Amino acid sequence: MSEFDFDLSSIQDARDLARKGLVAEEKLKNYTFEEIDKIIKAIAEAGEAHAKELAELAVEETGFGKVKDKIYKNHMASGLLYEQIKNEQTIGIIAADEKAQTLTVADPVGLIMGIVPSTNPTSTVLYNAMIAIKSRNPIIFSPHPKAAKCSLRTIEIVNDAAVNAGAPENIVQGLSKLSMEATNELMHSKEVKLIIATGGPGMVKAAYSAGKPAIGVGAGNSPAYIERSADVKKAVRNIMASKTFDNGTICASEQSIITETCNRDEVIRELKAQGAYFMNKEETDKVCKLLFKNGTSMNANYVGRSAKVIADAAHINVGPYTRVLVGEQFGVGPEFPLSYEKLTSVLGFYTVENWEEACDLSIELLQNGIGHTMSLHTEDKEIARKFSVKPASRILINTGGTMGGTGLSTGLPIALTLGCGTMGGSSVSENVGPKHLINIKKLVYGIKDAYTLVENDELFKKYHPEEFANYSTNNCELTFDNLAGLKNDKLPEYNSSKNYFEYSTGCNVCKDNKEDKRPSVTEEGLDLEALQKMLDELVHAFKGE
Ligand SMILES: CC(=O)SCCNC(=O)CCNC(=O)[C@H](O)C(C)(C)COP(=O)(O)OP(=O)(O)OC[C@H]1O[C@@H](n2cnc3c(N)ncnc32)[C@H](O)[C@@H]1OP(=O)(O)O
């Protein structure tokens with residue numbers, strides 16, 4: 001079979017999935033809260049039941065991360081996520097504002113396409129399927145080619161669980177014939193209404209270029225600043241737990257540590273005590289050659305690997321308990337490759353004089369992962385606030401990046417798609433959840449009389465009266481009430497039998513001229529010129545001239 005034939009069949013596959021997804025969309029949009037709850041509960045239970053199997057598959061297929069932590073990610077994206085979202089209102093009328101007289105109505109966005117990263121290939125499927133269905137949307141996944149088997153197995157498990165719990169057929173599907181053409185076909189298909197792109201920069205960019213709403217996660221490059229007031233032992237413990245979780249594959253995990261001259265030695269001591277190996281310049285260079293292709297882009301062969309695997313590959317002799325490799329850096333940019341995102345068990349290490357320098361350095365580092373996440377370890381609340389202006393959507397205090405950013409150890413919603421805001425080219429800066437997958441509609445009652453709205457607008461009355469008058473000639477009788485109301489002694493009398501106002505100027509104007517919305521000519525034969533004159537008189541009267 002030629003390459004061209006292959007592309008054609010994968011494109012046909014994408015079209016079939018889109019068509020079936022649309023059928024599911026039509027059915028799912030009528031599901032009730034209870035029906036949806038039953039489905040996502042069943043998915044959560046299936047996710048928990050298969051968490052180990054899927055974790056093992058993912059590690060075997062990709063070589064990234066650790067089975068135990070991937071089991072936890074699957075648990076997080078099923079059981080924990082279910083507990084978090086089960087009571088969330090995502091269907092029909094979800095809020096009412098008595099005072100504003102508005103009802104908020106949630107509608108599904110429709111068929112979603114999800115791009116799955118190779119770093120979280122099973123947990124992202126569980127998580128995106130759960131949040132999509134919670135908002136009554138079917139979803140089609142485009143798995144990463146290097147993790148297709150485990151992603152497709154997860155899709156099968158999730159779809160079976162959902163359908164058994166009453167969901168329409170094909171509520172969760174995946175491209176099985178993988179090609180960039182098929183992914184593109186799906187992205188651009190009219191059936192797909194929204195794309196969630198979690199993955200490498202190329203795919204995220206492609207999603208944004210598909211000409212439809214897309215929620216993309218850009219690259220991260222999270223610095224962790226250990227400020228002088230920090231509890232160093234606790235800070236290092238949090239960083240190490242986060243950095244070693246699934247061998248650093250979560251994009252909110254720390255990529256470098258910033259210390260101050262005054263606590264540098266203590267931080268180094270503590271890092272070493274907790275399993276960090278400090279590489280010398282030569283060792284750092286060797287590791288960087290492995291970690292990066294073309295100087296600064298991640299080499300997938302060393303993503304999500306243990307410190308020992310990387311050290312062995314670089315011929316560095318490290319002890320059996322080494323958890324993380326650390327390389328000191330003196331700047332940001334291609335000459336200092338560890339200043340870029342690594343997603344593995346390696347950290348850059350910086351020393352600054354004070355928090356102002358730490359601020360500047362954080363901003364520089366964040367340029368390579370703008371809008372994503374940074375963390376700060378400090379007991380000084382004022383310093384923490386100063387960092388609130390940094391270009392990161394999550395500024396985490398006294399916690400690990402992985403656990404904090406994904407909402408496991410913080411008050412953030414649990415998520416595996418972390419918005420990066422417009423800074424990072426993303427339409428969302430929050431942790432993505434069901435609320436980002438609904439269209440919000442409003443049922444709105446009138447609470448002000450539209451008829452008298454303009455005349456009762458105090459600010460509008462302050463306008464220059466002449467402008468007011470000119471405006472009036474081209475508008476309806478409402479304006480006459482308004483003008484007349486400006487000077488009480490000029491108030492016109494309403495002649496109800498003839499349905500017109502009798503003005504003291506001698507002009508009479510119809511109240512209800514619905515046809516052209518302009519003051520109409522009355523029985524007295526008032527024309528527009530006369531009308532303007534009358535208005536001028538009223539203005540003069542108002543000004544006391
Ligand atoms: C909360 C969180 O943790 S979310 C985590 C999300 N972040 C990430 O995944 C980190 C970003 N990921 C990356 O940078 C990369 O995916 C790495 C470094 C992990 C792995 O890199 P690689 O596998 O070498 O490259 P990459 O992921 O870009 O894709 C490899 C190829 O598959 C293609 N591909 C990726 N996804 C798809 C897809 N869904 N359909 C078709 N093709 C795809 C890419 O276009 C690329 O093709 P190319 O080689 O012709 O350019």
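The figures that follow rest on heavy atoms only: side chains count, while hydrogens, waters and symmetry mates do not. One-based numbering, in listed order, for ligands and for the atoms of each. As the structure is a computational prediction, the values presented were derived from the model and not from experiment.
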Between ligand 1 and the protein, give all atom pairs where both partners are nitrogen or oxygen and the distance is under 3.5 Å, as lines of names plus distance to 0.1 Å.
{"unit_1": "ligand 1", "atom_1": "3 (O)", "unit_2": "Asn120", "atom_2": "ND2", "d": "3.1"}
{"unit_1": "ligand 1", "atom_1": "3 (O)", "unit_2": "Cys251", "atom_2": "N", "d": "3.0"}
{"unit_1": "ligand 1", "atom_1": "9 (O)", "unit_2": "Thr119", "atom_2": "OG1", "d": "3.1"}
{"unit_1": "ligand 1", "atom_1": "23 (O)", "unit_2": "His144", "atom_2": "NE2", "d": "3.4"}
{"unit_1": "ligand 1", "atom_1": "23 (O)", "unit_2": "Lys146", "atom_2": "NZ", "d": "3.0"}
{"unit_1": "ligand 1", "atom_1": "24 (O)", "unit_2": "Lys146", "atom_2": "NZ", "d": "3.2"}
{"unit_1": "ligand 1", "atom_1": "27 (O)", "unit_2": "His144", "atom_2": "NE2", "d": "2.6"}
{"unit_1": "ligand 1", "atom_1": "29 (O)", "unit_2": "His144", "atom_2": "NE2", "d": "3.2"}
{"unit_1": "ligand 1", "atom_1": "39 (N)", "unit_2": "Ser142", "atom_2": "O", "d": "3.1"}
{"unit_1": "ligand 1", "atom_1": "39 (N)", "unit_2": "Ser142", "atom_2": "OG", "d": "2.7"}
{"unit_1": "ligand 1", "atom_1": "39 (N)", "unit_2": "Pro143", "atom_2": "O", "d": "3.2"}
{"unit_1": "ligand 1", "atom_1": "40 (N)", "unit_2": "Ser142", "atom_2": "OG", "d": "3.3"}
{"unit_1": "ligand 1", "atom_1": "40 (N)", "unit_2": "Thr183", "atom_2": "OG1", "d": "2.7"}

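Listed by chain and residue number, nothing satisfies the side-chain hydrogen bond (donor to acceptor under 3.5 Å, both in side chains) test with Tyr350 (two or more places apart in sequence, or in another chain).
Residue pairs meeting the ring-ring contact (aromatic ring centres under 6.0 Å, His included) criterion with at least one partner in residues 40-59, sequence neighbours excluded, are absent. For residues 278-302, the ring-ring contact (aromatic ring centres under 6.0 Å, His included) pairs, not counting sequence neighbours, are Phe278-Phe349.
Lys435 pairs in a side chain to side chain contact (heavy atoms under 4.5 Å, CB included) with only one of the listed residues (Lys134, Gln89, Glu430), which is Glu430.
Glu283 and Tyr277 share a donor-acceptor pair across their side chains, judged by distance under 3.5 Å alone. Counted by atom type alone, Thr90 and Ser135 present zero donor-acceptor pairs between their side chains at under 3.5 Å.
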